[in-house]
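Contents: one structure, followed by commentary.
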Protein chains: 2
Amino acid sequence: MEKQEFDAFISKKGLKLTRERDEIVSEVLCCQGHFAPDELFVQLRSKGSKVSRASIYRTIPLLVESGLIAEVERTDKHAHYEKVSKNSHHDHMICTVCGRVIEFYSKPLERLQESLCKRENFKGVRHCLEIMGVCENCDG
Amino acid sequence: MEKQEFDAFISKKGLKLTRERDEIVSEVLCCQGHFAPDELFVQLRSKGSKVSRASIYRTIPLLVESGLIAEVERTDKHAHYEKVSKNSHHDHMICTVCGRVIEFYSKPLERLQESLCKRENFKGVRHCLEIMGVCENCDG
DNA sequence: AATGAAACTGAGACTCTGTCTCAATTATAT
DNA sequence: ATATAATTGAGACAGAGTCTCAGTTTCATT
């Protein structure tokens with residue numbers, strides 16, 4: 001269903017609906033969790049797509065602009081994205097064993113941060129909290 | 001004073017005290033706040049040093065191992081380091097206008113994170129909270 | 001259906017951060 | 001003074017990402 005929304009976005013911008021964009025959007029929509037540009041490339045290629053890295057990197061900003069995905073700020077040294085869902089803001093717990101990403105949101109945490117900013121006369125705009133550790137599946 | 005400590009560390013490891021290491025440690029000790037490897041390189045070169053990038057990158061792990069500096073986890077896509085101080089763990093507020101980094105620590109924040117981890121059966125090991133925004137100097 | 005302009009594509013050059021190799025140099029124990 | 005092991009800079013290399021360019025494709029218009 002969301003595919004049509006992206007197609008509409010592309011048309012409205014006067015851009016063109018190409019096989020490559022089609023393949024990329026489909027792959028993004030069917031994959032779960034976080035993904036990196038190169039993972040997307042490898043997955044598509046493994047499914048027989050002839051798409052190039054350049055097209056992946058060119059299409060990602062369009063997916064972001066259309067609101068279908070958003071960049072995830074991670075301390076990891078390359079880009080990560082995730083599909084945008086209703087409950088937009090959340091932070092992450094990342095399992096260093098299996099790579100699993102747990103999303104969480106805490107109103108008290110948000111409020112606490114606000115008061116800490118106030119104390120420093122700092123106008124907080126956005127934040128990124130990443131808790132690294134071991135998830136219950138891996139803690140044997 | 002800390003320079004001697006590093007020299008002692010180097011000697012104890014059976015490594016050598018070279019002009020390049022000397023220049024690098026001195027620069028790190030006199031600079032304030034966070035720094036990136038390439039900044040260090042540019043600063044040293046601008047002061048007339050003939051040090052190479054390779055030596056910067058080779059010396060940084062020694063500085064970390066000696067306890068003089070520590071890597072800072074940032075969502076920025078390259079490495080950042082800071083001098084190690086007494087009050088070790090802290091998080092950061094980063095001004096998107098001037099790049100200023102404000103360190104802060106909050107016990108309630110730490111406790112709240114612990115309880116959030118418990119709720120997810122997640123064994124938190126370390127975390128990184130980065131609040132991006134505008135500092136009081138830049139908020140005009 | 002044919003056309004044509006503008007958008008798009010893949011290949012590969014390029015940038016940036018960081019690592020590695022190698023021959024020449026240097027610190028240090030003797 | 002010497003030997004030897006560590007260190008150095010230059011430059012090749014690697015991975016993520018950007019950019020250019022010539023050839024291709026979409027799509028609105030005939």
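Below, chain A is the first sequence line, B the second, and so on; all start at residue 1. Remember, it's a predicted structure, so these values are computed and weren't measured experimentally. Atom set for the values below is all heavy atoms of this structure, side chains included, hydrogens, waters and symmetry mates excluded.
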Evaluate side chain to side chain donor-acceptor pair (under 3.5 Å) for B/T75 paired with B/E130, printing each intermediate quantity in order.
CA-CA 8 Å; B/T75 56; B/E130 201 179 77; 2.4 Å; yes
How long is the gap from CD on A/E5 to NZ on A/K12, to the nearest 0.5 Å?
10.0 Å
N/O contacts under 3.5 Å, protein versus nucleotides 18-24 of chain D?
unit_1	atom_1	unit_2	atom_2	d
D/dT20	O4	A/R58	NH1	3.4

Round to a whole Å and report the spacing from CD of B/E20 to C1' of C/dT25.
10 Å
Check the side chains of A/H92 and A/E73 for a donor-acceptor pair under 3.5 angstrom, ignoring hydrogens and angles.
no
About how many Å separate CD1 of B/I102 and CD of B/E136, when rounded to the nearest 0.5 Å?
7.0 Å
Looking at D/dA16, does its base get a donor-acceptor pair with the side chain of A/K77 below 3.5 Å?
no
So if I take every side-chain heavy atom of A/K16 and compare against D/dG17, C/dA6, D/dA6, which nucleotide ends up nearest?
C/dA6
So which one's nearest nucleotide on DNA chain D is more toward 5', A/L17 or B/R21?
B/R21
Would you please indicate yes or no on a ring centroid separation below 6.0 angstrom for A/H89 and A/H127?
yes
Could you give the OH-to-P distance, from A/Y81 to D/dA16, as a whole number of Å?
13 Å
Quick check: closest heavy atoms across A/K83 and A/Q32, and the distance to 0.1 Å?
NZ-NE2, 4.1 Å
Tell me the interatomic distance from B/L15, atom CG, to C/dT26, atom P, rounded to whole angstroms.
18 Å
DNA chain C: 5'-proximal contact among B/D38 and B/R19 (nearest heavy atom):
B/D38
In whole angstrom, what separates A/I56's CD1 from D/dG17's C1'?
13 Å
Specify the separation, in whole Å, of atom CD1 of B/I24 and atom C1' of D/dT7.
11 Å
Do the side-chain N or O atoms of A/S55 get closer than 4.0 angstrom to the phosphate oxygens (OP1, OP2) of C/dC8?
no
From the list D/dG9, C/dT28, C/dT9, which nucleotide is the closest neighbour of the side chain of A/T18?
C/dT9
Starting from C1' on C/dG10, measure out to CG on A/L44 and report it in whole angstrom.
15 Å
Take atom CG of B/D22 and atom C1' of C/dT28, then tell me their distance rounded to the nearest Å.
16 Å
Whole Å only: how far is the CZ atom of A/F41 from the P atom of D/dG17?
13 Å
If you apply the rule side chain to side chain donor-acceptor pair (under 3.5 Å), what do you find for A/E103 with A/H34, and how did you get there?
CA-CA 11 Å; A/E103 300 182 353; A/H34 289 194; 4.6 Å; no
Find which nucleotide of DNA chain C each of B/S11 and B/A79 is nearest to by heavy atoms, and output the residue with the more 5' nucleotide.
B/A79
